[in-house]
Engineer: 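Submitted below is the structure of interest, expressed as structure tokens.
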Amino acid sequence: MFKLLIVDDEIYVLRAMRKSIDFAALGFDEVHQAMGAKEAMSILASHDIDLIICDIEMPGMNGLELIEWVNEHNPEVETIFLTGHAEFAYAKKAVQLGSFEYLLKPVKPEELTATVRLAIDKIERDRAAAGLLETSKKYQTLWELQKAVVVERFWQNLLAGRIVPTQDHLQAVNLPIQPQSQILPILLSIEQWHKEFTLRDEETLEYAIRNAAAELLLGDLAGDIIKDENGILFALVYETNGKSPDSAAFTEACRAFTDACRRYFYCTVSCYIGHTVSIPTLTEVVHRLIELEQENLSSPLSVQQLKQPLPQGSKQKSPLSIPWSDWVVLFESGNKEELLKRLHQLFADMQETQADTETASALYHALTYMIYHVAHKNGLSVKEWSGLRERSGELAAIRSISQLKAWSEKLIDTGSRYLDNQRNECSLIIDKTKQYIKANLKDVTREKAANYIYLNSAYLSRIFKRETGQSLIDFIIQAKMDRAKILLTESNLKIVDVCEEIGYENYSHFGQAFKKKVGISPLEFRKRFQSMDIT
């Protein structure tokens, strides 16, 4: 049921409206009336009003000023304005205040009834949306308690190259697969949120998205939805009863999943479907999927599949027993000389023990995936790095220890220089993104910022979060609020004009966002920090 407030300074208008329209049949269990703004404010203070039908021309505080006050104190209330004058200034002000409708007197009962019904429909939709968000927040506790931490950590370690899968590893995390089982990876990229959410709200909705992926992509198949160390979501579909998953069969399931995300979780998602491979080869396919996502500028928000499968016989060899974490730290920190020194000692040991080609191949893959790990961690592509993209590279590199040594030195030298260049470029991208946002506050979005610097929006969001510690959406909102604070304290603009200046079409939305970030409403902020009264 709903509560209505009718505000008009003419008693006969109030009586005529009550008599000609059956508000109870429309769903109102309470109908209040006021003959002026002061009386209306008193009623609003003691009743939870859902809809106001308000005259504009009234003595003292007029209807527009009353609703401006209402937006400050009860921003969720919908408004229908009535006026006897078709003045454009009134209509423009009503739109700025976020009113539902603007009607001219005398209004026919059937016209007002139809408008009220539409307003009720909007109120019900807003209630349903608020209820869905509230329900999703309740999932936060469930998410923290039931998230498959152990399984996710296992896959994070494997994709980072910190472990080589054995039967003992798989049994320890209770996975229903063998070391040579076939797995299909699917990258799930959240390209765009349709509403502005805090980082916590996004994480809560992401939990719901993971559940939807488990239901629509995995269904009765064995598999897991995991997030890697860089926050990228993957669906891993396992071999079931000796039958390998068919990548082509998942196109329709991915489309159904992306449609569900758009309809129910306020976001648009792209799916990048890999190839069915064994566990030792999984890391390479995952990195190729990440590169496919990063390069997808022409057709985001889609379902795509890797065009070429991995060549037959392409397997990750068991790496040597090496201090993996030390190698990663040395390479990532730019200590190329110490890393090469340790490698040269290893080559000398291999020479002395007359290591075979299997050992050389293991070292080749260990170095390759060290490079992949550091690149992946820093959100970089490795396609330009010498020796990594040519399938003949391994055969040429492991013909002799001296050739493997030369290949390793070239790989590390090229990788180190590329890593330094890309990090510098990444800093420039962040600076350029920030400058664009601050210069285009009125209509900036995550997607427009990404298009401006020719990057995929999901990829830009990840590197922005990694480099700044703040999500791109949060930075945009904070920049808007910082500008709003300046305008509220250093200008005489009306609050609704401040709202428009920073790109909020709906005053209620702006008021809620400002209070969430600053702690007080825009009006209270202005009164506290600006001496003159311009309300």
Side-chain angles (χ1 to χ4, degrees), residues 148 150-189 210 213-229 232-257 270-293 303-319 358 361-362 364-366 368-369 372-373 376 389 391 394:
V150 174
V151 171
E152 188 163 69
R153 182 60 58 85
F154 166 80
W155 288 116
Q156 287 175 350
N157 287 334
L158 185 140
L159 294 176
R162 288 190 289 269
I163 62 172
V164 178
T166 65
Q167 187 60 42
D168 290 340
H169 280 127
L170 297 172
Q171 289 179 347
V173 295
N174 198 29
L175 284 173
I177 50 177
Q178 307 295 321
Q180 293 304 315
S181 292
Q182 298 292 298
I183 294 179
L184 172 66
I186 304 174
L187 189 156
L188 312 176
S189 175
R210 291 175 69 152
E215 179 178 347
L216 297 175
L217 299 183
L218 300 180
D220 296 330
L221 300 174
D224 282 295
I225 309 299
I226 64 123
K227 179 188 285 189
D228 77 352
E229 290 183 328
I232 306 175
L233 285 176
F234 289 93
L236 301 179
V237 188
Y238 305 151
E239 177 181 309
T240 305
N241 298 325
K243 184 177 180 181
S244 300
D246 180 8
S247 60
F250 281 84
T251 301
E252 288 304 317
C254 285
R255 286 175 180 157
F257 168 65
S270 290
C271 293
Y272 300 87
I273 306 172
H275 300 299
T276 302
V277 293
S278 61
I279 298 178
T281 323
L282 180 64
T283 300
E284 184 169 351
V285 175
V286 163
H287 284 295
R288 292 181 66 195
L289 288 174
I290 293 171
E291 289 186 356
L292 179 62
E293 181 211 25
V303 176
Q304 296 194 32
Q305 200 157 10
L306 279 178
K307 295 182 179 180
Q308 297 296 330
L310 290 174
Q312 292 295 323
S314 176
K315 294 184 178 180
Q316 181 187 19
K317 306 295 183 178
S318 299
E358 184 174 354
S361 179
Y364 173 93
H365 283 279
T368 297
Y369 287 103
Y372 270 120
H373 168 65
H376 183 190
R389 305 308 294 176
R391 299 312 305 170
E394 178 180 359

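What you see is a predicted model; the values in this text were computed from it and never measured.
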Engineer: Any non-hydrogen side-chain atom of Lys227 less than 4.5 Å from a side-chain atom of Arg210?
Structural biologist: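 Counting from C-beta outward, Lys227 and Arg210 do come under 4.5 Å.
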Engineer: Calculate, to the nearest 0.5 Å, the distance between atoms CG and CG belonging to Leu236 and Leu221 respectively.
Structural biologist: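 Leu236 CG to Leu221 CG: 13.0 Å, rounded to 0.5 Å.
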Engineer: Between atom CG of Leu158 and atom CG of Asp228, what is the distance when rounded to the nearest 0.5 Å?
Structural biologist: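 Separation between the atoms: 12.0 Å.
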Engineer: Would you compute the distance between atom OG1 of Thr281 and atom NE2 of His275 and round it to the nearest 0.5 angstrom?
Structural biologist: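 The OG1 atom of Thr281 sits 12.0 Å away from the NE2 atom of His275.
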Engineer: Starting at CG of Leu187, measure out to CD1 of Ile232 and round the result to the nearest 0.5 Å.
Structural biologist: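 Answer for the CG-CD1 pair, Leu187 versus Ile232, is 6.0 Å.
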Engineer: Can you see which heavy atom on Ala213 is nearest to which on Ile225, and at what distance?
Structural biologist: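 It is CB-CD1, 3.8 Å.
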Engineer: Under the side chain to side chain donor-acceptor pair (under 3.5 Å) test, which residues partner Thr166, sequence neighbours left out?
Structural biologist: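 Counting only residues at least two positions away or on another chain, Thr166 forms a side chain to side chain donor-acceptor pair (under 3.5 Å) with His169.
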Engineer: I'd like to check the side-chain contact (heavy atoms from CB on, under 4.5 Å) partners of Thr276; sequence neighbours left out, ordered by chain and number.
Structural biologist: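 Once residues adjacent in sequence are excluded, the partners of Thr276 under the side-chain contact (heavy atoms from CB on, under 4.5 Å) criterion are Gln182, Leu184, Ser244, Pro245.
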Engineer: Please examine the side chains of Val286 and Trp155, heavy atoms only from C-beta on, and report whether any two atoms are closer than 4.5 Å.
Structural biologist: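 Side-chain contact under 4.5 Å: no.
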Engineer: As an exercise, state the distance from CZ of Phe250 to CG of Leu218, rounded to the nearest 0.5 Å.
Structural biologist: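 Going from the CZ atom of Phe250 to the CG atom of Leu218 covers 7.5 Å.
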Engineer: Please identify which of these residues, Leu159, Leu282, Val237, meets the side-chain contact (heavy atoms from CB on, under 4.5 Å) condition with Pro185.
Structural biologist: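 Output: one option passes, namely Leu282.
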Engineer: Any side-chain heavy atom of Leu188 sitting closer than 4.5 Å to one from Leu217?
Structural biologist: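 Heavy-atom side-chain distance check passes, below 4.5 Å.
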Engineer: Under a 4.5 Å cut-off applied to non-hydrogen side-chain atoms, are Cys271 and Gln305 in contact?
Structural biologist: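 Cys271 vs Gln305: side chains apart.
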Engineer: Using atom types as modelled and distance alone, determine if a side-chain donor or acceptor of Asp246 lies under 3.5 Å from a backbone N or O of Ala248.
Structural biologist: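 Yes, the answer is positive, given that a donor and an acceptor are paired below the 3.5 Å cut-off.
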Engineer: Please tell me if the side chains of Tyr238 and Ser181 come closer than 4.5 Å, counting only heavy atoms from C-beta onward.
Structural biologist: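 Of all side-chain heavy-atom pairs linking Ser181 with Tyr238, none is under 4.5 Å.
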Engineer: Please identify each residue that fulfils side chain to side chain donor-acceptor pair (under 3.5 Å) with Glu215, with sequence neighbours left out.
Structural biologist: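 So Glu215 forms no side chain to side chain donor-acceptor pair (under 3.5 Å) with any residue.
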Engineer: To the nearest 0.5 Å, how far apart are CD1 in Ile177 and CD in Gln167?
Structural biologist: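 Between Ile177 CD1 and Gln167 CD, I get 9.0 Å after rounding to 0.5 Å.
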Engineer: Gly274 and Val285: which non-hydrogen atoms are nearest, and at how many Å?
Structural biologist: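 Nearest pair, atom of Gly274 first, then Val285: CA-CG1, 4.2 Å.
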Engineer: Write down the atom of Ala222, the atom of Thr240, and the distance for their closest heavy-atom approach.
Structural biologist: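 Answer, listing the atom of Ala222 first, then Thr240: N-OG1, 3.5 Å.
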Engineer: Decide yes or no for Asp224 and Leu175: does some side-chain heavy atom of the first lie under 4.5 Å from some side-chain heavy atom of the second?
Structural biologist: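 With C-beta onward as the side chain, the pair touches.
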Engineer: Report yes if the side chains of Phe234 and Ile290 come closer than 4.5 Å at any heavy-atom pair, otherwise no.
Structural biologist: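 With C-beta onward as the side chain, the pair touches.
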Engineer: Is there side-chain contact between Leu292 and Arg288, with heavy atoms separated by less than 4.5 Å?
Structural biologist: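 When only atoms from C-beta onward are counted, Arg288 and Leu292 do not touch, as no gap falls below 4.5 Å.
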